[in-house]
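Report on the following structure.
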Amino acid sequence: MKPDMFERPVGILVGLGFPVEIRSVMDAYRLLVEWRHSSGDAAHSMALKACLAALRGEVEAETVRGLFVAFAERHHLLAPVMDTSGRFAPPTFQIGTAPRTSVGASSFGINAKGDHHA
């Protein structure tokens, strides 16, 4: 395996939801360089710096993978996980209590008045 290859690819959704696998430091670097929403984005900056360090041989590819996954999670880019037959696996849910929301608020980021909240 090449030293810049990830042990497991990172599946992300690009464009209008087209799934792509990021398999290496160079794949991650290309996506990060082309990313247009980077100003003031710490996750983007850290992942990009890690890519450059890995390309110079200063950090491991799996370090880059972890930072790239954090970037992808922050921007809701991670693709659903596929099972071994090539079909998307059903989402998994953790059994327990539902997240608490304030009175009149929903867990979808919009309160009863229609205002967005964090």
message: Applying side chain to side chain contact (heavy atoms under 4.5 Å, CB included) to Val20 and Val14, what does each step give before you reach the verdict?
response: CA-CA 7 Å; Val20 172; Val14 296; 3.5 Å; yes
Can you tell me how far the [atom1] atom of [X] sits from the [atom2] atom of [Y], to the nearest 0.5 Å?
X     : Y     : atom1 : atom2 : answer
Phe71 : Cys51 : CZ    : SG    : 10.0 Å
Met46 : Phe68 : CE    : CZ    : 14.5 Å
Glu21 : Ile12 : CD    : CD1   : 10.5 Å
Met5  : Arg23 : CE    : CZ    : 6.5 Å
Phe6  : Arg65 : CZ    : CZ    : 7.5 Å
Glu58 : Arg56 : CD    : CZ    : 4.0 Å

Taking all non-hydrogen atoms of both residues into account, name the closest pair between [X] and [Y] and its distance.
X     : Y     : value
Leu32 : Leu48 : CD1-N, 3.7 Å
Arg74 : Asp41 : NE-OD1, 3.4 Å
Ala28 : Ile22 : N-CG2, 3.5 Å
Ala50 : Val64 : O-CG2, 3.4 Å

- prompt: Leu67 and Val33: same hydrophobic cluster, using ILVMFWY side-chain contacts below 4.5 Å?
  reply: no
- request: Could you tell me whether a side-chain N or O of Glu62 sits under 3.5 Å from a main-chain N or O of Glu7, the two making a donor and an acceptor?
  value: yes
